[in-house]
Amino acid sequence: GCLLSVKTYGLLLLSASLAVVAAERPPPEILICYNYSCNRTAHVRPSTEDLGRVVAPFKPAAHSPQEERQMIRRAIALLELIAGGQTPTYRDRGRNPIVDAWPGQMDCIDESINTARYLELLQQRGLLRWHSVVERAYRAPFILDQHWAGQIVELQTDKRYAVDSWHLDNGNPPYIQAISDWHRKAPLPTD
């Protein structure tokens with residue numbers, strides 16, 4: 001009845017207020033990895049303006065899980081660019097190219113740890129409505145073909161998705177792929 005509607009409205013209002021407050025907190029410091037297997041770490045602190053650019057695509061909130069996954073892709077690409085402005089990771093090239101003394105290159109371990117931290121930032125800021133961050137994804141179809149990626153779960157369906165930045169140069173939106181497809185190395189999505 002009416003009382004439930006008032007309570008529901010109050011909860012929605014409180015939830016929206018908390019999301020705004022969470023998004024407006026001072027920028028956090030993010031510990032990132034690079035130079036293969038977290039050989040080097042650095043603290044990245046987005047400016048207030050940088051964080052505003054990360055948060056902006058999430059306003060208004062996504063109307064579907066698919067829309068939110070696209071927002072996540074853009075936010076992670078932007079966070080990679082911000083990190084690249086403060087660390088040598090701007091040099092990172094997709095996959096594991098052979099480079100000599102090239103600081104900033106990342107393997108899938110670095111990429112997955114950084115992606116997980118970026119996802120956690122989005123979650124802590126109250127920006128994820130349709131997904132939750134879960135442990136990093138791991139696959140090892142062959143001994144020499146091990147791979148890691150960030151991972152999210154869609155709240156309504158419990159369907160998991162790999163969030164994989166390793167294939168691309170720094171600052172490009174990561175691939176987000178159903179974990180079952182990612183485990184079997186299905187072709188990467190084209191969108």
Tell me, do [X] and [Y] make a side-chain contact under 4.5 Å, heavy atoms counted?
| X | Y | result |
| --- | --- | --- |
| Thr115 | Arg136 | no |
| Tyr161 | Gln177 | no |
| Pro28 | Leu51 | yes |
| Ile82 | Leu78 | yes |
| Tyr118 | Ile72 | no |
| Tyr90 | Leu81 | no |
| Leu155 | Trp130 | no |
| Pro174 | Ile76 | yes |

Under a single-linkage definition using a 4.5 Å side-chain heavy-atom cutoff for Ile, Leu, Val, Met, Phe, Trp and Tyr, are [X] and [Y] assigned to the same hydrophobic cluster?
| X | Y | value |
| --- | --- | --- |
| Trp166 | Val133 | no |
| Phe58 | Ile176 | yes |
| Leu121 | Met71 | yes |

- side chain to side chain contact (heavy atoms under 4.5 Å, CB included) between Val163 and Tyr175, worked out: CA-CA 6 Å; Val163 183; Tyr175 293 109; over 6 Å; no
- Message: Gln123 vs Ser132, test: side chain to side chain contact (heavy atoms under 4.5 Å, CB included). Steps then yes/no.
- Response: CA-CA 7 Å; Gln123 183 167 278; Ser132 184; 3.2 Å; yes
- Show your working on side chain to side chain contact (heavy atoms under 4.5 Å, CB included) between Ile179 and Lys159 and close with a plain yes or no. CA-CA 8 Å; Ile179 201 70; Lys159 186 172 181 180; over 6 Å; no
- Check the pair Ser165, Asn114 against side chain to side chain contact (heavy atoms under 4.5 Å, CB included), reporting the backbone distance first and the verdict last. CA-CA 9 Å; Ser165 298; Asn114 295 346; over 6 Å; no
[Y] backbone acceptor or donor facing [X] side chain under 3.5 Å:
| X | Y | result |
| --- | --- | --- |
| Gln105 | Tyr34 | no |
| Asp110 | Cys38 | yes |
| Asp92 | Thr89 | no |
| Glu111 | Arg95 | no |
| Gln146 | Ala140 | no |
| Asn170 | Arg91 | no |
| Arg139 | Trp182 | yes |
| Asp107 | Ser37 | yes |
| Glu68 | Arg129 | yes |

Taking all atoms of both residues into account, what is the closest heavy-atom pair of [X] and [Y], and its distance?
| X | Y | value |
| --- | --- | --- |
| Ala75 | Val54 | CB-CG1, 4.1 Å |
| Pro173 | Ala77 | N-CB, 3.6 Å |
| Pro46 | Ile30 | CG-CD1, 4.1 Å |

Any chance you could measure [X], atom [atom1], to [Y], atom [atom2], to the nearest 0.5 Å?
| X | Y | atom1 | atom2 | result |
| --- | --- | --- | --- | --- |
| Ser112 | Tyr138 | OG | OH | 11.5 Å |
| Leu122 | Arg117 | CG | CZ | 14.5 Å |
| Ser64 | Gln156 | OG | CD | 9.5 Å |
| Met106 | Ile113 | CE | CD1 | 11.5 Å |
| Asn39 | Ile109 | CG | CD1 | 11.0 Å |
| Leu128 | Leu119 | CG | CG | 7.0 Å |

- Are His147 and His167 close enough that their ring centers fall under 6.0 Å?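 Aromatic pair counts; centres sit under 6.0 Å.
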- For atom CZ of Arg40, decide whether the heavy atoms of other residues, nucleotides or ligands shown that lie under 6.0 angstrom number more than 12.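 No, not enclosed.
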- Message: Between the side chains of Glu154 and Arg160, is the shortest nitrogen-to-carboxylate-oxygen separation below 4.0 Å, so that they form an ion pair?
- Response: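 No, Arg160 and Glu154 are not salt-bridged.
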- Pick from Arg73, Glu67, Arg74: which one makes a side chain to side chain donor-acceptor pair (under 3.5 Å) with Gln70?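 Testing each of Arg73, Glu67, Arg74 against Gln70, the sole residue satisfying side chain to side chain donor-acceptor pair (under 3.5 Å) is Arg73.
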